[in-house]
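Below is one structure, written out as structure tokens; comments come after it.
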Amino acid sequence: MCGIVGLVAFDASLERARSIVTAMNEHIQHRGPDGEGLTAHPDATLAMKRLAIVDVVHGHQPMANDDESVVLVYNGEIYNAPELRKRLERKGVRFRTRSDTEVILRLYEQDPDDVERHLVGMWAFAVHDRKRRRVILSRDRFGIKPLFVADAGGPLAFASELRCFDRSLEPFARLFTIDHDAAHAMVSWSYVPEAASIYKGVRRLPPASRLTIDLDTGVRTPHTYWTLEPSADAQRVRSLDEACEGTEALLRRAVKEHLESDVPVATFLSGGIDSSLVTAYANDVAPGTIKAYSIGFSEAQFDESPFARQTADVLGLPINIQMFDEATARARLPDALLAYDEPFGDSSSLATYLLSSHVAHDYKVALGGDGGDEIFAGYKKYLVVKLRSPLASAPRLRDAIGQALGRVPVYYDRTRKWTELLRTTRRLSRGLSGSDAHVYAQLTQVAPLARTAALMRVAADPQRFEREAQARFERAHGTELQRTLACDLGSTLCNDMLVKVDRASMACHLEARVPFLDHRVAEYGVGLPWAYTLGDSARRWSGKRVLRTLHERRFGAALANRKKQGFGVPVEKWLRGPFDGACQRLFDRGRLERYGILSSAELGDGGFRKWIGVDPMIVWHAFALAAWCEANLGDGPGALRDLLESSG
């Protein structure tokens, strides 16, 4: 696991290019404290920071082939690297190291235009092909590893994190104008959606894509090298036992491959279905070597640690659980917010940071359960697909029901049990009205754009993100459920859950691996008939039926069928109490007007308290955005830390 940066076609001396890229690289020291490297060339200067996991002694980067015509920097892990190495050796290819970096390099020499097809894993890499006079940027199928691109038309810069870019560097400076539409979208979604970033001229390289820069002509050629196609084998499944057998075989293989490491591996164990299965299969592969980690909170509604301990006891595994009270958890909030290089409002980011920090005291690698919900329909919102189906032939009636439910009062607060029904009802109303594509886009949001508009100072066309989501849905293949899952895997997972885990873990020098996101597991899970994911009509909906069944067979019905709890902290309660002072300062009228993004009329002068009383979650999103502004557009990370600590 690493971080990478680079400049391409930048008109400057090698000395200046080296200096600029060195400075970029220093901003991601946390991603790779074990080593670093840089190579400067008139066409491209590449650098990286390394967290050494495989072939710790060797595997240094940038890595060049024998005649130095191809140079690679790479962030990630290739889990089928041992198999690919053997295949290449049978063709006469000789290796200098055991690293997966060299596997990519040698594979590129053999099949330069189709490297990604062979890879199973997570990656963001840059190849400088000096013979073919091109630079290739590539990102893994699900966007597990980040890669941002700032393209000035001639020169281009790339980096693992936004914080690497020098926003004053010409000719890139014009790219770093704030995108107010993206800021508005962030308050609605909790993250910046699609391929956008908070800056108008900086974009994420989309998942499952490569970008080729021709160094002679300057032409940029984007290419999508993979599209999720539901597995034909899965679509032919006709029994729950068959679905369980196929799913378990693929997931066991994925977990086994994800254990490839020269350093010990731990697991994140919440006690939920996904992390429990990953932990169980890891323990089956490597008994006696796996240790589980979890965290707990004093607020019972947010504490899953008893279930994690029960799970570990069933497996006979040691588990290390760290408990946090409110004061201790809040004291770590500045660290958690500063781990994110982009505005990010997912309230579980603090819990993820605390867990990563806990594991990183002892380990450099941990397996988690992310992706299980998106592949096997684990979220309650997927129930909408099932409810829409019988009404497909009566769209007017369906829309009328949706509009009627939409009149239910809005109140979003997870700390108050009675609001759960209101939240579910309002989400259902948004899921019944309109076309399939429209509903998909609406259900990706925490709150509609129309609702969050009052909190924004300027926004021209934030609806463009809804249109992009709808267009992705229209391009997807399969049933409505399959298209919904594929689209969530291609954007929501990438920009929310995977950003959360990547930044939180990397801030702690920890590599987080996600076995569910083996593309073969995803293709199979998405391909299953919904009777084995959503559940059949005779059963109460519970989601992830096939995974729930596998879990129940291993851990018993009580753990398998408990209510889905999620992974977060009670930010609603904190905003109403101990964070009032921080809100008062972050939402200070002068500060808001200085940045010109959030509405000082709505949030300033204590106006935020009115919104906390009705919709505390979108206030938390605005809080995270305001914190990002202070750290990145204002007086810097130290100022944000001082503000939060003095307000606690």
Side-chain angles (χ1 to χ4, degrees), residues 1-2 53-55 59 72 74-91 93 95 98-108 110-125 127 136 138-147 207-210 224-231 233-234 246-262 265 274 277-278 281-282 285-286 365-372 374-375 486 489-490 493-494 498 501-502 511-527:
M1 186 71 73
C2 312
I53 304 296
V54 175
D55 197 1
L72 169 72
Y74 149 67
N75 167 28
E77 297 290 345
I78 304 303
Y79 302 117
N80 66 333
E83 173 190 332
L84 291 173
R85 180 190 307 276
K86 291 175 183 176
R87 188 189 308 170
L88 290 168
E89 286 175 336
R90 286 195 295 268
K91 293 182 177 181
V93 175
F95 285 83
R98 293 190 303 103
S99 70
D100 54 345
T101 306
E102 189 175 5
V103 170
I104 298 176
L105 183 67
R106 300 302 182 187
L107 196 57
Y108 180 87
Q110 297 287 314
D111 195 3
D113 295 323
D114 205 12
V115 175
E116 295 90 345
R117 176 173 60 88
H118 305 278
L119 304 178
V120 176
M122 56 182 182
W123 69 83
F125 66 69
V127 172
I136 292 173
S138 177
R139 196 172 180 205
D140 67 71
R141 292 175 181 86
F142 297 104
I144 303 169
K145 293 292 98 187
L147 191 59
S209 71
R210 66 156 57 184
T224 300
Y225 61 79
W226 178 81
T227 301
L228 196 158
E229 297 282 356
S231 161
D233 289 340
T247 299
E248 184 172 39
L250 289 168
L251 187 53
R252 280 185 179 277
R253 178 176 66 177
V255 169
K256 181 179 180 180
E257 291 179 349
H258 278 64
L259 289 172
E260 178 71 22
S261 173
D262 289 344
V265 178
D274 305 336
L277 287 174
V278 168
Y281 297 152
V285 172
V365 181
L367 307 188
D370 290 281
E374 290 81 2
I375 295 170
L489 284 162
L493 177 75
C494 170
L498 296 179
V501 173
D502 176 81
E511 174 175 294
R513 298 180 175 183
V514 280
F516 275 102
L517 294 183
D518 180 312
H519 66 282
R520 299 161 297 189
V521 174
E523 289 167 344
Y524 189 85
V526 172

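For the single chain, residues carry numbers from 1 onward in sequence order. Please read these numbers as outputs of a predicted model, since none were measured by experiment.
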* **Spatial distance of atom CD1 (Ile104) from atom CG (Leu119) [nearest 0.5 Å]** => 5.5 Å
* Shortest non-hydrogen contact from Phe142 toward Leu489 -> CD2-O, 4.0 Å
* side-chain contact (heavy atoms from CB on, under 4.5 Å) between Glu116 and Phe125, intermediate numbers included -> CA-CA 11 Å; Glu116 295 90 345; Phe125 66 69; 4.0 Å; yes
* Asked: Considering residues at least two apart in sequence or located in another chain, which fulfil the side chain to side chain donor-acceptor pair (under 3.5 Å) criterion with Arg520?
  -> Glu257, Asp518
* With rounding to the nearest 0.5 Å, note down the distance linking CD1 in Ile53 to OG in Ser99. => 13.0 Å
* **Gap separating the CG atom of Leu498 from the CD1 atom of Ile144, nearest 0.5 angstrom** => 6.0 Å
* Val120 side chain near Ile78 side chain, heavy-atom distance below 4.5 Å -> no
* **Under 3.5 Å: donor-acceptor pair, side chain of Arg106, backbone of Thr101** => no
* **Heavy-atom closest contact (Pro207 atom, Gly490 atom, distance)** => CG-O, 3.7 Å
* Taking all heavy atoms of Arg98 and all of Val54, pick out the closest pair and write down the distance. => O-CG1, 3.9 Å
* Mark yes or no for whether Tyr74, through its side chain, and Gly76, through its backbone, hold a donor-acceptor pair below 3.5 Å. => yes
* Asked: Yes or no on side-chain contact (heavy atoms from CB on, under 4.5 Å) for Val521 and Thr247, after CA distance, side-chain angles and deciding distance?
  -> CA-CA 7 Å; Val521 174; Thr247 299; 5.8 Å; no
* Structure fact -> Interatomic distance, CD@Gln110 vs CG@Leu84, rounded to 0.5 Å, equals 11.5 Å
* Does the Asn75 side chain pair with the main chain of Trp123, one donor and one acceptor, at a distance under 3.5 Å? -> no
* Asked: So do the side chains of Leu277 and Val255 get within less than 4.5 Å of each other, counting heavy atoms only?
  -> no
* Asked: Under 3.5 Å, side chain of Asp140 to main-chain N/O of Gly143, donor-acceptor pair present?
  -> yes
* Asked: Would a distance-only check, ignoring hydrogens and angles, find a side-chain to backbone donor-acceptor pair under 3.5 Å from Asp502 to Lys145?
  -> no
* Shortest non-hydrogen contact between Ser138 and Leu147, atoms and distance -> O-CD2, 4.1 Å
* Asked: Between Leu107 and Val93, does a side-chain contact (heavy atoms from CB on, under 4.5 Å) hold up when you go through it step by step?
  -> CA-CA 9 Å; Leu107 196 57; Val93 175; over 6 Å; no
* Asked: Does any N or O in the side chain of Asp370 come within less than 3.5 Å of the main-chain N or O of Val514, such that one atom is a donor and the other an acceptor?
  -> no
* Between the main-chain N or O of Trp226 and the side-chain N or O of Thr224, is there a donor-acceptor pair closer than 3.5 Å? -> no
* Grab the two heavy atoms, one from Pro515 and one from Gly368, that are nearest each other, plus how far apart they are. => CD-O, 3.3 Å
* **Heavy-atom check, side chain of Tyr281 versus side chain of Glu248, under 4.5 Å** => yes
* To do: May I ask you to decide whether Glu511 forms a salt bridge with Arg513, counting only side-chain N to carboxylate O separations under 4.0 Å?
  => yes
* Structure fact -> dist Tyr524:OH -> His519:NE2 (nearest 0.5 Å) comes out at 15.5 Å
* Presence of salt bridge, Arg85 and Asp100, under 4.0 angstrom -> no
* To do: Please report the shortest heavy-atom distance between Ala512 and Val501, naming the atom on each side.
  => CB-CG1, 3.5 Å
* **Side-chain heavy atoms of Glu523 within contact of Pro230, under 4.5 Å** => no
* Asked: How long is the gap from CD on Glu374 to CG on Asp274, to the nearest 0.5 Å?
  -> 9.0 Å
* To do: List the steps and the verdict of side-chain contact (heavy atoms from CB on, under 4.5 Å) for Glu83 and His118.
  => CA-CA 10 Å; Glu83 173 190 332; His118 305 278; over 6 Å; no
* **Option among Arg139, Arg117, Arg141 that satisfies the side-chain contact (heavy atoms from CB on, under 4.5 Å) test with Tyr225** => Arg141
